[in-house]
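Chain naming here is simple, since letters A, B, ... match the order of the sequence lines and numbering starts at 1 in each.
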Number of protein chains: 2
Amino acid sequence: MQLSNSSQYAIRILAYMADQKDSKLMNATELAGALYIPYKFLTKIMTELVKVGLVVSIRGREGGYKFEKKTSEIMVSDILDIFNDSIKDEQCVLGIGFCNGLCKCALHDQWMEPKLLLQRMFRESSLEDIAGRGCKI
Amino acid sequence: MQLSNSSQYAIRILAYMADQKDSKLMNATELAGALYIPYKFLTKIMTELVKVGLVVSIRGREGGYKFEKKTSEIMVSDILDIFNDSIKDEQCVLGIGFCNGLCKCALHDQWMEPKLLLQRMFRESSLEDIAGRGCKI
DNA sequence: TATTAATTCTACCTTTAAGTAGTAATTATA
DNA sequence: TATAATTACTACTTAAAGGTAGAATTAATA
């Protein structure tokens, strides 16, 4: 019952970037060092984020990453979607494909409330919202 | 963001068993057939459940499985614990080892509410409670 | 006692997530 | 233009989850 490492890392990276006062370019070495994420794994994740258009990368010397979209427009749920890690409506907590009102799983009703809360939390929290919360790791 | 297959299967198996009116012995073939779970994988899971004392097994002809404890005393959280799938207090949603009041992750506060709901749901739902809910799959 | 139907054990196979390594491509700057 | 610093690409390795196969063990019953 947890997020994948990729999602966790991605959220931490983006929240860290969003927290930088000036929207300066940040490079992989810096991010990996600050966030204790394996460098090579971090660059792999960043490349994903570039591909989906959340951030842009500047290659070459003095290069790095910066946001493509405004941090107020990037929701945590967007990040989870990239790594197939979201909580969609169709997903049954017990893995039953056709769990719905007619034929539902044994936990369907109890699951509904926390599920809705989770969905809301992920969908309504933007990077701007969460940046700067807690410690910077 | 989901339970492991083992946990999902185990919950479905035990809920199904709990739903049988007479607490008769149920064998692996029957359970696998009814619940569309691979037979060999099901027996592997059942052996786990026997080892931790949730069910007893009767070997040999006319054998099968039945509950060791009362279904009102088996909580869903007990099942999740077996497969290292629970939502413990220490677990940070972003995987930070020391996420707590002093140094917390960016999602700490938002995560708190759904987390508590999930914990409560798992901890307070017994097999007796959920048996017979929804369809029998 | 032999047979049969059941669980259990051991070992293996497959797939996926997680992480690593090396090199190519790019670009600012000296 | 050469160099150094950066991201991107390709391919590999490792570990864990998920699942399979077959033989051993157990016990009821004919």
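Distance B/Asn27 CG to D/dA28 P: 15 Å, rounded to the nearest Å. C/dA17 atom C1' lies 18 Å from atom CE of B/Met1, rounded to whole Å. The nearest whole Å value for the distance from the CD1 atom in A/Ile37 to the P atom in C/dA18 is 13 Å. Distance, A/Leu42 CG to C/dA21 P: 16 Å, rounded to whole Å. Computed from coordinates, the B/Leu31 CG to C/dA6 P distance equals 12 Å when rounded to whole Å. In this structure, CD1 of B/Ile45 is placed 13 Å from P of C/dT8, rounded to the nearest angstrom. When the P atom of C/dG19 is taken as reference, atom OH of A/Tyr36 falls 17 Å away, rounded to whole Å. Atom CG of A/Leu25 is separated from atom P of D/dT7 by 8 Å (rounded to the nearest Å).
B/Ile96 and A/Ile37 fall into different hydrophobic clusters, where Ile, Leu, Val, Met, Phe, Trp and Tyr are joined by side-chain heavy atoms under 4.5 Å apart, directly or via other members. Under the 4.5 Å side-chain heavy-atom criterion for ILVMFWY residues, no single connected hydrophobic cluster contains both A/Val56 and A/Leu49. Hydrophobic clustering (ILVMFWY, side-chain heavy atoms < 4.5 Å, transitive): B/Val52 and B/Ile45 are in one cluster. A/Ile79 and A/Met75 end up in different hydrophobic clusters when Ile, Leu, Val, Met, Phe, Trp and Tyr side chains are linked at under 4.5 Å. Residues A/Tyr36 and A/Met46 fall into different hydrophobic clusters, defined by Ile, Leu, Val, Met, Phe, Trp and Tyr side chains chained together at heavy-atom separations under 4.5 Å.
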Nucleotide N/O of nucleotides 16-21 of chain D paired with protein N/O under 3.5 Å:
residue	atom	partner	partner atom	Å
D/dG18	OP1	B/Asn5	N	3.0
D/dG19	OP2	B/Asn5	ND2	3.3
D/dG19	N7	B/Lys44	NZ	3.0
D/dG19	O6	B/Lys44	NZ	2.5

With the criterion being N/O to N/O and under 3.5 Å, what pairs connect the protein with nucleotides 24-30 of chain C, and how long is each?
residue	atom	partner	partner atom	Å
C/dA25	N3	A/Arg59	NH2	3.4
C/dT26	O2	A/Gly60	N	3.4
C/dT27	O2	A/Arg61	N	3.2
C/dA28	O4'	A/Arg61	O	3.4

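Taking side-chain N and O atoms only, A/Thr43 has no distance below 4.0 Å to OP1 or OP2 of D/dT7. Taking side-chain N and O atoms only, B/Ser57 has no distance below 4.0 Å to OP1 or OP2 of C/dT7.
Across the helix from C/dT1-D/dA30 to C/dA30-D/dT1, the helix axis at one end is tilted relative to the axis at the other end by 10° (nearest 10 degrees, each axis from five pairs).
Side-chain atoms of B/Tyr16 and B/Leu31, non-hydrogen and from C-beta on, do get closer than 4.5 Å to each other. Contact annotation: the side chain of A/Tyr65 approaches that of A/Val50 to within less than 4.5 Å [non-hydrogen atoms, C-beta and beyond].
Among the nucleotides C/dC9, D/dC9, D/dT7, the one closest to the side chain of B/Thr47 is C/dC9.
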Which is it for A/Asn27 and A/Glu62 under the side-chain contact (heavy atoms from CB on, under 4.5 Å) test, yes or no, and what are the steps along the way?
CA-CA 8 Å; A/Asn27 69 50; A/Glu62 301 292 298; over 6 Å; no

Counting only pairs under 3.5 Å, give me each side-chain donor-acceptor contact of residues 98-127 of chain B, with atom names and distances, residues two or more places apart or in other chains.
residue	atom	partner	partner atom	Å
B/Asn100	OD1	B/Leu102	N	2.9
B/Asn100	OD1	B/Cys103	N	3.3
B/Asn100	ND2	B/Phe98	O	3.4
B/Lys104	NZ	B/Asp109	OD1	3.4
B/Lys104	NZ	B/Asp109	OD2	3.3
B/Gln110	OE1	A/Arg133	NH1	3.4
B/Gln110	NE2	A/Ser125	OG	3.4
B/Lys115	NZ	B/Asp89	O	2.9
B/Gln119	NE2	B/Ile87	O	3.0
B/Gln119	NE2	B/Asp89	OD1	3.2
B/Ser125	OG	A/Gln110	NE2	3.4
B/Ser125	OG	B/Met121	O	2.7
B/Ser126	OG	B/Glu128	N	3.3
B/Ser126	OG	B/Asp129	N	3.0
B/Ser126	OG	B/Asp129	OD1	3.4
B/Ser126	OG	B/Asp129	OD2	3.1

Please list, one pair per line, the donor and acceptor atoms closer than 3.5 Å that link side chains of residues 4-15 of chain B to other protein atoms, with sequence neighbours excluded.
residue	atom	partner	partner atom	Å
B/Ser4	OG	B/Ser7	N	3.3
B/Ser4	OG	B/Ser7	OG	3.4
B/Ser4	OG	B/Asp85	OD2	2.9
B/Ser7	OG	B/Asp85	OD2	2.9
B/Gln8	NE2	A/Val93	O	3.3
B/Arg12	NE	B/Ile137	O	2.8
B/Arg12	NH2	B/Leu35	O	2.6
B/Arg12	NH2	B/Ile137	O	3.1

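As a member of the Ile/Leu/Val/Met/Phe/Trp/Tyr network built from side-chain separations under 4.5 Å, B/Leu25 groups with B/Ile58.
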